[in-house]
> 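One structure, pasted below without further comment.
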Amino acid sequence: MKIAYAGTPEYAVAPLKALIDKGYDVVAVITQPDKPVGRKRILTPSPVKAFAQGVGVSVYDFEKIRDNVEEVKGIGADLLITCAYGQLLTDPILKAFPMGVYNLHASLLPLYRGASPIQSAILAGEKYTGVTVMRTELKLDCGDILLVKRCEIGDRTYGELSDELSALSAIAAVETVEILSKGEPQLLLQDEAKATFCKKINKADGKVDFSKSARQVANLINAFSPAPAAFCSLDTAQVNLLKATPCEGCGEVGTVIKADKGGIVVACGEGAVNVLSLQFAGGKPLKAADAVNGRKIKVGDRLD
RNA sequence: CGCGGGGUAGAGCAGCCAGGUAGCUCGUCGGGCUCAUAACCCGGAGGUCGCGCGGUCCGAAUCCCGCCCCCGCAA
């Protein structure tokens with residue numbers, strides 16, 4: 001069985017690597033074109049492209065895959081597995097693979113269809129999330145389900161949870177191929193009535209509002225970490241808050257009511273959040289203890 | 001040339017503008033106090049101040065020049 005793999009960000013590297021390590025015949029990788037990255041706008045290949053080239057798999061980085069149907073057919077793969085590829089597939093593309101196209105999605109479908117499933121699950125305060133493998137249809141994330149992997153969210157940030165889900169996706173990718181190699185799989189219909197959608201999150205939504213409940217504030221901080229990062233201001237400086245957990249405490253909204261090695265506790269509209277990690281503009285991420293020592297954060301300081 | 005902050009002890013920072021003793025908090029090591037402690041007291045170790053053995057100067061962490069690296073915003 002010849003497999004093609006479409007993915008772009010770091011998240012999508014682990015599943016690709018797992019398939020290759022398992023000895024499956026990955027004949028081609030499809031990814032987004034190189035994009036300018038960082039302050040210096042350096043043209044950089046996607047993580048998936050960099051990895052694929054490193055292991056000698058041929059790479060296709062179509063500007064628009066829908067305009068390259070013949071080339072896609074020319075790959076001659078039986079199966080396409082996609083994971084955070086970043087382009088919508090069209091009917092001719094789907095039909096280019098005899099065994100079909102399967103997508104690894106980072107949520108428990110039908111929940112959180114769309115662009116930011118991991119962040120949205122944290123933001124909503126879900127207890128569990130996971131990875132769903134589904135047969136790709138034209139409508140976004142609506143296809144029938146092949147398998148699901150669950151995991152607990154806990155107090156994890158988007159970055160931390162993303163790493164775990166990436167690892168789960170790797171396992172799911174391998175299982176998917178194993179199942180498909182045994183013939184037509186059993187698929188489960190999605191319950192449309194329970195479907196929810198999430199849109200792309202944007203930087204502005206990361207403004208912390210301490211008048212909300214501690215749970216909501218902590219969810220926001222963790223969902224936006226490490227990027228685009230939840231932020232607030234302290235004096236005249238902007239501070240990105242990178243990790244927090246709700247805790248006991250009360251006081252005037254936005255006021256630091258405790259600051260020591262254990263964290264920086266800020267009063268919220270309801271309860272308080274313990275900020276464990278933060279980053280001042282221009283600085284690197286700091287543990288709360290370091291911020292207390294070096295940046296002299298103390299009880300009574302105001303965040304807003 | 002998009003705007004801006006930064007590189008000083010293991011960590012985080014101050015000192016720089018108005019050159020002249022290497023400073024603060026934490027950590028660490030040793031000792032003391034305590035039933036006890038992340039508490040408190042005493043003492044110690046630890047720094048080529050990013051690089052150019054660059055320039056100016058009697059003297060540079062500090063001023064000037066060149067380079068490297070990190071980061072916030074914007075995109």
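Residue numbers start from 1 in every chain, and the chains themselves are labelled A, B, ... in the order their sequence lines are given, proteins ahead of strands.
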> Any base atoms under 4.0 Å from A/Lys287, or only sugar-phosphate, or nothing? Heavy atoms, all strands.
nothing
> Whole-Å distance between B/C71 P and A/Gln238 CD?
16 Å
> Sequence neighbours left out, what pairs pass ring pair (Phe, Tyr, Trp, His ring centres under 6.0 Å) with at least one residue falling in residues 26-71 of chain A?
A/Tyr60-A/Phe62
> What integer distance in Å separates A/Asn293:CG from B/U25:P?
10 Å
> How would you label the glycosidic angle of B/C53: syn (within 90° of 0) or anti?
syn
> Rounded to whole angstrom, note down the P distance from B/G47 over to B/A11.
13 Å
> Salt-bridge test for A/Lys203 and A/Asp205: reply yes if a basic N is under 4.0 Å from a carboxylate O, no otherwise.
no
> Between A/Asp34 and A/Asp61, is any pair of side-chain heavy atoms under 4.5 Å apart?
yes
> If I pick the P atom on B/G5 and the same atom on B/C64, what distance separates them, to the nearest angstrom?
14 Å
> Under 3.5 Å for both donor-acceptor distances, Watson-Crick or wobble: does B/G20 have a partner, and if so which one?
B/C58
> Between P on B/A74 and CZ on A/Arg39, what's the gap in Å once rounded to a whole number?
12 Å
> Expressed as a whole number of angstroms, how long is the span from A/Gln279:CD to B/C13:C1'?
16 Å
> Could you measure between the two P atoms, the one in B/C3 and the one in B/C41, and give it in whole Å?
49 Å
> In whole Å, what separates the P atom of B/A38 from that of B/G27?
10 Å
> Find the distance A/Asp260:CG to B/A39:P and express it as a whole number of Å.
11 Å
> Take atom CG in A/Leu140; do more than 12 heavy atoms of anything else shown fall under 6.0 Å from it?
yes
> Output yes when at least one side-chain N/O atom of A/Arg295 is less than 4.0 Å from OP1 or OP2 of B/G12, else no.
no
> Give the rounded distance in Å between these two atoms: CG of A/Leu276 and C1' of B/A11.
17 Å
> Give the nucleotide from the list B/C13, B/C73, B/A75 with an atom nearest to the side chain of A/Leu286.
B/C13
> Relative to the 5' end of RNA chain B, which residue comes earlier, A/Pro228 or A/Val292, by the nucleotide with the nearest heavy atom?
A/Val292
> So, do A/Leu161 and A/Cys151 sit near enough that their side-chain heavy atoms are less than 4.5 Å apart?
yes
> Which base sits across from B/G43 as a Watson-Crick or G-U pair, both distances under 3.5 Å?
B/C29
> If I pick the C1' atom on B/C40 and the same atom on B/U34, what distance separates them, to the nearest angstrom?
9 Å
> With nearest nucleotides of RNA chain B determined for A/Arg41 and A/Asp290 from heavy-atom distances, which residue corresponds to the more 5′ nucleotide?
A/Asp290
> Using the P atom as the point on both nucleotides, what is the distance between B/C71 and B/G12, in whole Å?
14 Å
> Which whole-number value in Å describes the distance from A/Lys40 NZ to B/A74 C1'?
17 Å
> For A/Thr82 and A/Asn103, test the side chains for any donor-to-acceptor distance below 3.5 angstrom and give the result as yes or no.
yes
> Applying a 3.5 Å limit to both distances, which nucleotide forms a Watson-Crick or G-U wobble pair with B/G72?
B/C3
> We want to know whether A/Ser46 and A/Thr31 form a side-chain donor-acceptor pair, criterion being a heavy-atom distance below 3.5 angstrom.
yes
> Could you check which of B/A38, B/C73, B/G12 has an atom nearest any side-chain atom of A/Lys261?
B/A38
> For B/G72 and A/Lys284 - does any side-chain N or O of the residue sit under 4.0 Å from the phosphate oxygens OP1/OP2?
no
> Please report, rounded to the nearest Å, how far the C1' atom of B/C26 is from the CD1 atom of A/Ile264.
14 Å
> Roughly how many Å apart are B/C42 and B/U8, using the P atom of each and rounding to a whole number?
29 Å
> What's the gap between B/A45 and B/G30 when it is taken at their C1' atoms, as a whole Å value?
10 Å
> The side chain of A/Lys296 is closest to which nucleotide in this list: B/U25, B/C73, B/A75?
B/U25
